[in-house]
Asker: 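My questions all concern the structure below.
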Amino acid sequence: MFTYRVDDEIMLRLLEERHTEEVTALVIRDLKYLQEWIHWAKDDYSVEDTREFTRKNLQQFAENRGFTAQILFRGQPAGSIGYNYFNWQNRKTEIGYWLASSFQGHGIMTRTCWALINYAFDELKLNRIEIFCAVENTKSRAIPERLGFKLEGVCRQAEWLHDHFVDLALYAMLADEWQHLARPNEQK
């Protein structure tokens, strides 16, 4: 199955059914934190939820419509990231991600996003990448801002989060803009 080495500390691997237990354990361990920002993080989250998501993800991958990969940091499951969809006609995608709270502050998500952005532009030949973040989720918003994405606007009440709507900030990067930026891994 798909694996991708981001750097010496970070590896991505496609979610498979054999990872169900460890992914579920990570989600449940950090459930209260995740519930602040993620609609699928519900009190009754279970192994079956992970299994169903994994099956859908494998189908999406097989059909070349996008995928989600598990983030491993120093061999430990830390979260996930992926292309929520591929719009091949318009050559664009959306990156979605989450990271367990205990793994934050190590640059994991910035480095992982950087790798997926490079892959999307260099290998997949896409032209546009979008990232949506809840307006009040400053940690999540810091990622596209740090990577030089442009804030294109706010989509008002764009997502239902458990019991209320939240506004989403829309960030975007174009292929020609990315080529002109000083990239994080190339500054070393």
Side-chain angles (χ1 to χ4, degrees), residues 2-15 19-43 45-47 49-50 53-54 57 66-84 93-120 129-151 154 158-159 161-162 164 166-173 178 181-188:
F2 168 86
T3 60
Y4 185 85
R5 178 156 296 283
V6 173
D7 58 27
D8 291 342
E9 296 181 307
I10 303 168
M11 170 79 77
L12 301 179
R13 71 178 176 199
L14 190 65
L15 289 173
H19 306 130
T20 300
E21 299 286 336
E22 68 183 11
V23 171
T24 304
L26 182 65
V27 170
I28 290 173
R29 189 168 52 243
D30 223 19
L31 191 60
K32 291 300 176 198
Y33 171 75
L34 293 173
Q35 285 176 332
E36 288 184 62
W37 307 115
I38 300 176
H39 65 88
W40 53 257
K42 299 183 179 182
D43 287 336
Y45 190 87
S46 69
V47 170
D49 292 316
T50 304
F53 175 78
T54 302
N57 184 55
F67 64 88
T68 298
Q70 184 178 30
I71 300 169
L72 300 174
F73 180 67
R74 298 177 183 160
Q76 298 296 311
S80 69
I81 189 167
Y83 302 115
N84 292 343
T93 191
E94 176 187 331
I95 293 178
Y97 49 79
W98 66 270
L99 192 66
S101 60
S102 60
F103 289 93
Q104 295 179 8
H106 301 283
I108 296 168
M109 196 54 74
T110 301
R111 291 183 277 162
T112 305
C113 278
W114 182 89
L116 258 66
I117 294 162
N118 262 351
Y119 191 82
I129 299 172
E130 299 174 342
I131 297 176
F132 288 89
C133 305
V135 168
E136 294 181 10
N137 189 344
T138 56
K139 287 181 180 180
S140 187
R141 291 183 68 177
I143 305 303
E145 291 171 0
R146 191 175 298 122
L147 291 167
F149 277 60
K150 295 201 180 343
L151 176 64
V154 173
E159 185 173 68
L161 186 61
H162 308 297
H164 65 285
V166 294
D167 297 344
L168 297 179
L170 166 58
Y171 292 90
M173 176 66 68
W178 184 249
L181 288 176
R183 299 186 191 171
N185 287 0
E186 295 170 3
Q187 293 176 349
K188 294 180 180 178

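Numbers for residues simply follow the sequence, beginning at 1.
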Asker: Do side-chain atoms of D30 reach the backbone of S101 as a donor and acceptor pair under 3.5 angstrom?
Answerer: yes

Asker: Which pair of heavy atoms, one from W98 and one from S80, lies closest together, and at what distance?
Answerer: NE1-OG, 2.7 Å

Asker: Give me the atom names and distance for the closest heavy-atom approach of A172 to F149.
Answerer: C-CD2, 3.4 Å

Asker: Hey, does the side chain of R141 reach the backbone of A134 with a donor-acceptor pair shorter than 3.5 angstrom?
Answerer: no

Asker: Passes side chain to side chain contact (heavy atoms under 4.5 Å, CB included), R111 versus D7? Steps please.
Answerer: CA-CA 8 Å; R111 291 183 277 162; D7 58 27; 2.8 Å; yes

Asker: Less than 4.5 Å apart, any side-chain heavy atom of Y97 and any of I131?
Answerer: yes

Asker: Is there a side-chain contact between I81 and M109, using heavy atoms and a 4.5 Å cut-off?
Answerer: yes

Asker: Contact between D49 and K42 at the side-chain level, heavy atoms closer than 4.5 Å - yes or no?
Answerer: no

Asker: Indicate yes or no: at least one non-hydrogen side-chain atom of R13 is less than 4.5 angstrom from one of L72.
Answerer: yes

Asker: Does either side chain, that of T50 or that of T24, offer a donor lying less than 3.5 Å from an acceptor on the other one?
Answerer: yes

Asker: Is the closest basic N to carboxylate O distance between D8 and R74 below 4.0 Å?
Answerer: no

Asker: Locate the shortest heavy-atom distance separating K139 from Y33; write the atom from each residue and the value.
Answerer: CD-OH, 4.1 Å

Asker: Hey, are the side chains of Q35 and D43 touching, using non-hydrogen atoms and a 4.5 Å cut-off?
Answerer: yes

Asker: Rounded to the nearest 0.5 Å, what separates atom CD in E145 from atom SG in C133?
Answerer: 8.0 Å

Asker: Rounded to the nearest 0.5 Å, what separation is found between the CG atom of L26 and the CD1 atom of I71?
Answerer: 10.0 Å

Asker: About how many Å separate CG of D167 and CG of L161, when rounded to the nearest 0.5 Å?
Answerer: 11.5 Å

Asker: Please give me the minimum heavy-atom distance between L116 and Y83, naming the atom from each residue.
Answerer: O-OH, 2.7 Å

Asker: Just by modelled atom types, is the E36 backbone N or O under 3.5 Å from a matching donor or acceptor in the H162 side chain?
Answerer: no

Asker: Using 0.5 Å steps for rounding, measure from the CG atom of L31 to the CZ atom of R29.
Answerer: 12.0 Å

Asker: Does some side-chain heavy atom of Y4 sit less than 4.5 Å from a side-chain heavy atom of Y119?
Answerer: yes

Asker: Minimum heavy-atom separation for T3 and M11, please, with both atom names.
Answerer: CB-SD, 4.1 Å

Asker: Do W178 and N118 touch side chain to side chain, with heavy atoms closer than 4.5 Å?
Answerer: yes

Asker: For E136, does the CD atom have more than 12 heavy-atom neighbours from other residues, nucleotides or ligands under 6.0 Å away?
Answerer: no

Asker: Before giving the answer on side chain to side chain contact (heavy atoms under 4.5 Å, CB included), spell out for R146 and W114 the whole-Å C-alpha distance, their side-chain angles and the decisive distance to 0.1 Å.
Answerer: CA-CA 10 Å; R146 191 175 298 122; W114 182 89; over 6 Å; no

Asker: Mind checking whether Q70 and V23 have side chains closer than 4.5 Å, heavy atoms only?
Answerer: yes

Asker: Would you give the length of the straight line joining atom OG of S140 to atom CG of L99, rounded to the nearest 0.5 angstrom?
Answerer: 10.0 Å

Asker: What is the distance from atom CD1 of I95 to atom CD1 of I117, rounded to the nearest 0.5 Å?
Answerer: 5.0 Å

Asker: Please report the closest heavy-atom contact between A78 and F103, naming both atoms and the distance.
Answerer: CB-CG, 3.5 Å

